[in-house]
Amino acid sequence: MLVRTNEPVLYESYSFDYGATWSMPSPTRFASFSSPAHLIRLRAGDKPGILVLWTNGFTYKGVDAYDEARQVIHGAVSYDEGSTWQGFRELYRDPHMDEYYLHGDHGAAYPDGKEMANGNVVVSTGQGALRQTVFVFNPSWLTETEQYTTIDSIAVFNDTLNYDGNYFTSYGVDGVERILDPTHSSCNHNLSVIRFDARRVDNSLRYPTVVYNFPGLKRGRLAFTFYPASKVFSASVKIMDFFSPPNAFVVDELASFAFDVFSGCKSSEEEPCVSAQEWHIVELDWDVDVGRCNVTFDGLADRRLVLPILSRSFEMQPSYFRLQVSAGFMYLRAVDVSML
């Protein structure tokens, strides 16, 4: 049994007599705050397993629990009785997550589900008006270990999750929009980028930010392609193992790995690894068990960072890429994730 608490993790309790008695609850490695989880025994697919549905997030000091932790439902699956888990992927987002509520229940919490004969799982979840939903998915999707997203492949770029590649969240901040790629030589193209423009944003909680969910990987690789459009430029990257809203204050210590794109790396000639008005590819390779992440700029050996792991609080399967621009403006073209 999984138990919600007012701590940043779920607790667990076991019964070995068909529910007559239960063990003393103890902390799990699953991030969650005052939000219930739901467990489902999977029996209809190729192999038996356990599916967990929960809100993989928690609150920060001084911020409302609903605004931080209850906006996204996640799923993970285990095929070894809970020893290891795969997935940590977004299944549903509150479609009104950008609306501020003073009173009343709201958000994506309280999931419930049932496995069907064909192996699919039907899920109902959501709190408050216009938030309840029912959807169907196949748990095998949670076992995927690769995800490639180009911005022009997204049918609708907004904060409603859809499975054509829109794994980005950008609500509550300013200066983020999808536009046609202005660096492309042809005027008759339809290639898109995300533009981050911080030049007229003076509130640090509204700096242009996107949060991108990918399959949880203890050993993984993530590459992103970007273009600093201004000479004055500052951007930070955080790899995280829980959901954090774009407009939340997230200190580096809460991330698995973190670095500054512009000032964090210098070449052997002491020049910044990133130049303005050029396309760059930054690649991150991490191993949670080793406790290290290697960051390479444009595939060059002299433009590399080695990052120590910053947090071991939760399940520690990084599943979120957080990119924030705090000065200047830039374009993001693609994100590519795979297992090492």
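Starting from 1, each residue takes its place in the sequence as its number. Any value given below was found using the heavy atoms of this structure, including those in side chains, with hydrogens, waters and symmetry copies removed. Quantities reported herein were computed from a predicted structural model and do not represent experimental measurements.
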A side-chain contact here means heavy atoms from C-beta on lying under 4.5 Å apart; do [X] and [Y] qualify?
| X | Y | answer |
| --- | --- | --- |
| L332 | V193 | no |
| I50 | E81 | yes |
| M1 | W22 | yes |
| L284 | N294 | no |
| R89 | N213 | yes |
| V77 | L42 | yes |
| T55 | V72 | no |
| Q86 | T84 | no |

Backbone N/O of [Y] and side chain of [X]: donor-acceptor pair under 3.5 Å:
| X | Y | answer |
| --- | --- | --- |
| T145 | M339 | no |
| Q324 | A235 | no |
| R303 | F297 | no |
| T143 | S140 | yes |
| H280 | S275 | yes |
| N203 | L205 | yes |

Residue from F224, F214, F226, Y167 passing ring-ring contact (aromatic ring centres under 6.0 Å, His included) with F321: F224
Plane angle bin for F30 and W85 - parallel if under 30°, tilted between 30 and 60°, otherwise perpendicular: perpendicular
Is there a path from [X] to [Y] through hydrophobic residues (I, L, V, M, F, W, Y) whose side chains come within less than 4.5 Å of each other?
| X | Y | value |
| --- | --- | --- |
| L323 | Y207 | no |
| Y110 | I40 | no |
| V261 | I281 | no |
| V176 | V201 | no |
| Y148 | W141 | no |

From N118, V121, V123, V122, residue fulfilling side-chain contact (heavy atoms from CB on, under 4.5 Å) relative to V136: V122
List the atom of [X], the atom of [Y], and the distance in Å for their closest heavy-atom pair.
| X | Y | value |
| --- | --- | --- |
| F257 | P308 | CD2-O, 3.5 Å |
| D94 | G107 | OD2-CA, 3.4 Å |
| A117 | A44 | O-CB, 3.6 Å |
| L2 | A37 | CD1-CB, 3.9 Å |
| R4 | S35 | CB-O, 3.5 Å |

Any side-chain donor near an acceptor of the partner, [X] and [Y], under 3.5 Å:
| X | Y | answer |
| --- | --- | --- |
| Q147 | Y212 | yes |
| D336 | S338 | no |
| T225 | W279 | no |
| N120 | N138 | yes |
| S244 | R322 | yes |
| E90 | Y320 | yes |

Taking atom [atom1] of [X] and atom [atom2] of [Y], what is their separation to the nearest 0.5 Å?
| X | Y | atom1 | atom2 | result |
| --- | --- | --- | --- | --- |
| L254 | D241 | CG | CG | 9.5 Å |
| Y11 | T5 | OH | OG1 | 6.0 Å |
| S234 | M330 | OG | CE | 11.0 Å |
| I179 | D181 | CD1 | CG | 7.5 Å |
| D285 | T296 | CG | OG1 | 6.5 Å |
| R41 | L39 | CZ | CG | 9.0 Å |

Steps toward side-chain contact (heavy atoms from CB on, under 4.5 Å) verdict (I194, F168): CA-CA 10 Å; I194 298 177; F168 291 97; 4.2 Å; yes
H74/F88 aromatic ring centres below 6.0 Å: no
Aromatic W286 / basic R219 pairing, under 6.0 angstrom, 45° off normal: no
F329 six-ring centre to R199 NZ/CZ under 6.0 Å and within 45° of normal: yes
Criterion side chain to side chain donor-acceptor pair (under 3.5 Å) on Y14 and E12, from CA distance to verdict: CA-CA 7 Å; Y14 292 88; E12 62 186 358; 3.2 Å; yes
Verdict with reasoning, R333 to T150, per side-chain contact (heavy atoms from CB on, under 4.5 Å): CA-CA 6 Å; R333 178 181 283 169; T150 57; 5.8 Å; no
Stepwise salt bridge (Lys or Arg N to Asp or Glu O under 4.0 Å) check, E278 with K231: CA-CA 11 Å; E278 294 182 20; K231 292 183 179 180; over 6 Å; no
Verdict with reasoning, I151 to R178, per side-chain contact (heavy atoms from CB on, under 4.5 Å): CA-CA 8 Å; I151 307 308; R178 183 171 73 168; 3.6 Å; yes
Stepwise salt bridge (Lys or Arg N to Asp or Glu O under 4.0 Å) check, E283 with R221: CA-CA 7 Å; E283 182 175 317; R221 168 191 171 274; 3.4 Å; yes
Derivation and outcome, side-chain contact (heavy atoms from CB on, under 4.5 Å), residues R292 and V306: CA-CA 7 Å; R292 186 174 64 232; V306 179; 3.2 Å; yes
